[in-house]
Visitor: 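Structure in structure tokens, see below.
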Amino acid sequence: NRIIYLKKVRKFERISNGKKINRELFAIEEFEDINKISPITQVSGLCFDENRKVLIVSSKPGKWGLPGGKPENNETAEETLRREVKEEACVNLKKVFPLAFVKVNFPENPNKSEGNIFYQGRYLALVDSVDTIEKDPVTGIKFKRIFISPEKFTEYIRWSDASELISMAIKKLREIR
């Protein structure tokens with residue numbers, strides 16, 4: 001019987017609209033059912049192509065991020081990631097692996113449906129195919145997408161935990177390939 005084992009990687013804090021948000025990054029070492037981590041309010045993926053380049057997307061000039069979004073209609077985290085990557089980047093995923101979770105403690109969260117403590121999933125995914133870029137069917141936004149080398153990841157992704165995430169993804173990629 002395997003259990004979920006999360007290894008704390010880093011704790012960090014940020015201010016959003018004058019409100020303090022505490023965040024903790026956990027690497028997933030082993031898991032049985034990732035959906036037991038709850039509530040998952042957002043997922044994003046480090047999606048690698050066959051050339052070991054990672055997909056990033058942009059809906060605003062100069063602002064890049066990982067494809068992802070919020071679960072809809074009782075989706076699992078993996079279903080959410082697959083849908084969001086398809087909507088935002090027009091990319092189909094072959095395999096998806098849980099990589100890490102960010103535990104968010106936001107006592108003054110204005111989004112009461114999320115609560116004060118919630119989780120954001122980070123996944124490693126392997127790209128199956130890349131389609132012609134289209135507008136996101138939900139937002140109507142036509143995202144830009146590029147595949148970049150892992151060495152350039154932190155130049156584009158300005159998250160507090162970006163360097164830890166790309167390091168974990170590269171390590172996991174070596175394990176599964």
Side-chain angles (χ1 to χ4, degrees), residues 2-47 54-60 62-89 91 93 96-125 135-143 145 153-154 156-169 172:
R2 289 173 42 159
I3 59 167
I4 299 169
Y5 175 65
L6 302 175
K7 177 183 173 190
K8 189 185 290 190
V9 175
R10 184 170 173 222
K11 188 173 184 172
F12 48 101
E13 180 181 290
R14 74 178 250 249
I15 306 295
S16 176
N17 296 325
K19 297 177 179 161
K20 188 165 88 170
I21 304 171
N22 294 309
R23 298 162 53 99
E24 295 175 275
L25 177 67
F26 292 89
I28 296 174
E29 300 287 320
E30 291 185 41
F31 62 95
E32 179 182 278
D33 183 1
I34 214 64
N35 295 306
K36 289 181 182 175
I37 296 175
S38 178
I40 298 171
T41 61
Q42 191 263 356
V43 299
S44 56
L46 288 98
C47 307
V54 64
L55 170 68
I56 59 174
V57 295
S58 175
S59 63
K60 297 176 185 162
K63 187 170 169 108
W64 293 93
L66 295 174
K70 295 180 176 287
E72 297 175 0
N73 304 318
N74 296 315
E75 288 174 318
T76 65
E78 181 178 333
E79 290 168 338
T80 300
L81 180 65
R82 288 179 182 279
R83 176 183 52 76
E84 290 285 353
V85 170
K86 180 67 175 168
E87 288 175 358
E88 294 176 3
V91 168
L93 301 178
V96 175
F97 304 90
L99 183 65
F101 277 85
V102 176
K103 179 181 178 183
V104 181
N105 184 346
F106 189 7
E108 297 179 55
N109 187 358
N111 185 346
K112 299 301 176 202
S113 66
E114 285 181 337
N116 294 338
I117 297 176
F118 52 92
Y119 296 87
Q120 298 174 339
R122 306 291 183 248
Y123 288 78
L124 167 70
K135 287 183 180 177
D136 182 317
V138 176
T139 65
I141 296 169
K142 191 171 187 177
F143 284 76
R145 71 168 181 228
F153 188 77
T154 56
Y156 288 90
I157 307 300
R158 302 288 187 179
W159 299 355
S160 302
D161 55 357
S163 60
E164 288 91 349
L165 285 172
I166 195 67
S167 294
M168 287 189 287
K172 181 80 171 175

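Count residues from 1 along the sequence. Excluded from the calculations below are hydrogen atoms, water molecules and symmetry mates; all remaining heavy atoms, backbone and side chain alike, are included.
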Visitor: Residues two or more places apart in sequence or in another chain: which of them pass salt bridge (charged side-chain N to carboxylate O under 4.0 Å, His left out) with Glu108?
Guide: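 None.
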Visitor: Report the residue from Leu46, Val85, Leu66 that forms a side chain to side chain contact (heavy atoms under 4.5 Å, CB included) with Leu55.
Guide: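 The single option meeting the side chain to side chain contact (heavy atoms under 4.5 Å, CB included) with Leu55 is Val85.
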Visitor: Does atom NZ of Lys112 have more than 12 heavy-atom neighbours, drawn from other residues, nucleotides or ligands, at distances under 6.0 Å?
Guide: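 It does: Lys112 NZ has more than 12 such atoms within range.
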Visitor: Would you say the side-chain atoms of Ser58 pair up with the backbone N or O of Lys63, donor to acceptor, closer than 3.5 Å?
Guide: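 Indeed, once roles are kept as given, a pair shorter than 3.5 Å links the two residues.
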Visitor: Are side-chain heavy atoms of Arg23 and Trp159 found at a separation under 4.5 Å?
Guide: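 They are not in contact (no side-chain heavy atoms under 4.5 Å apart), so the answer is no.
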Visitor: With a 4.5 Å heavy-atom cut-off, do Tyr123 and Pro98 have their side chains touching?
Guide: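 Yes - at least one pair of side-chain heavy atoms lies under 4.5 Å apart.
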Visitor: Who pairs with Glu87 by side-chain hydrogen bond (donor to acceptor under 3.5 Å, both in side chains), at least two apart in sequence or on another chain?
Guide: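 With neighbours one apart ignored, the set is Arg83.
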Visitor: With sequence neighbours left out, what residues match Asn111 under side-chain hydrogen bond (donor to acceptor under 3.5 Å, both in side chains)?
Guide: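 With sequence neighbours excluded, Asn111 shows a side-chain hydrogen bond (donor to acceptor under 3.5 Å, both in side chains) to Ser113, given in chain and number order.
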Visitor: Ignoring hydrogens and geometry, is there a side-chain-to-backbone donor-acceptor pair from Asn109 to Gly115 under 3.5 Å?
Guide: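 Yes; at least one donor-acceptor contact below 3.5 Å.
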Visitor: Holding to salt bridge (charged side-chain N to carboxylate O under 4.0 Å, His left out), I want the full list of residues that pass it with Lys103, two or more places apart in sequence or in another chain.
Guide: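 Checked Lys103 against salt bridge (charged side-chain N to carboxylate O under 4.0 Å, His left out); zero matches.
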Visitor: Only counting residues at least two apart or in another chain, list the ones meeting side-chain contact (heavy atoms from CB on, under 4.5 Å) with Thr154.
Guide: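 Only Ala162, Ser163 meet the side-chain contact (heavy atoms from CB on, under 4.5 Å) criterion with Thr154.
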Visitor: Considering residues at least two apart in sequence or located in another chain, which fulfil the side-chain hydrogen bond (donor to acceptor under 3.5 Å, both in side chains) criterion with Arg145?
Guide: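 Counting only residues at least two positions away or on another chain, Arg145 forms no side-chain hydrogen bond (donor to acceptor under 3.5 Å, both in side chains).
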Visitor: Which value, rounded to the nearest 0.5 Å, describes the distance between Glu24 atom CD and Lys11 atom NZ?
Guide: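 Between atom CD of Glu24 and atom NZ of Lys11 there are 5.0 Å.
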Visitor: Working to the nearest 0.5 angstrom, can you tell me the gap between Arg82 CZ and Thr76 OG1?
Guide: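 Taking CZ in Arg82 and OG1 in Thr76, the distance rounds to 9.0 Å.
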Visitor: List the residues meeting salt bridge (charged side-chain N to carboxylate O under 4.0 Å, His left out) with Lys20, not counting sequence neighbours, and say none if there are none.
Guide: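 Here the qualifying residues are Glu13.
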Visitor: Can you name the residues that form a salt bridge (charged side-chain N to carboxylate O under 4.0 Å, His left out) with Lys70, not counting sequence neighbours?
Guide: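 Per chain and number, Lys70 pairs via salt bridge (charged side-chain N to carboxylate O under 4.0 Å, His left out) with Glu114.
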Visitor: Working to the nearest 0.5 Å, report the span between CZ of Arg122 and CD of Glu164.
Guide: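 With rounding to 0.5 Å, CZ (Arg122) is 12.0 Å from CD (Glu164).
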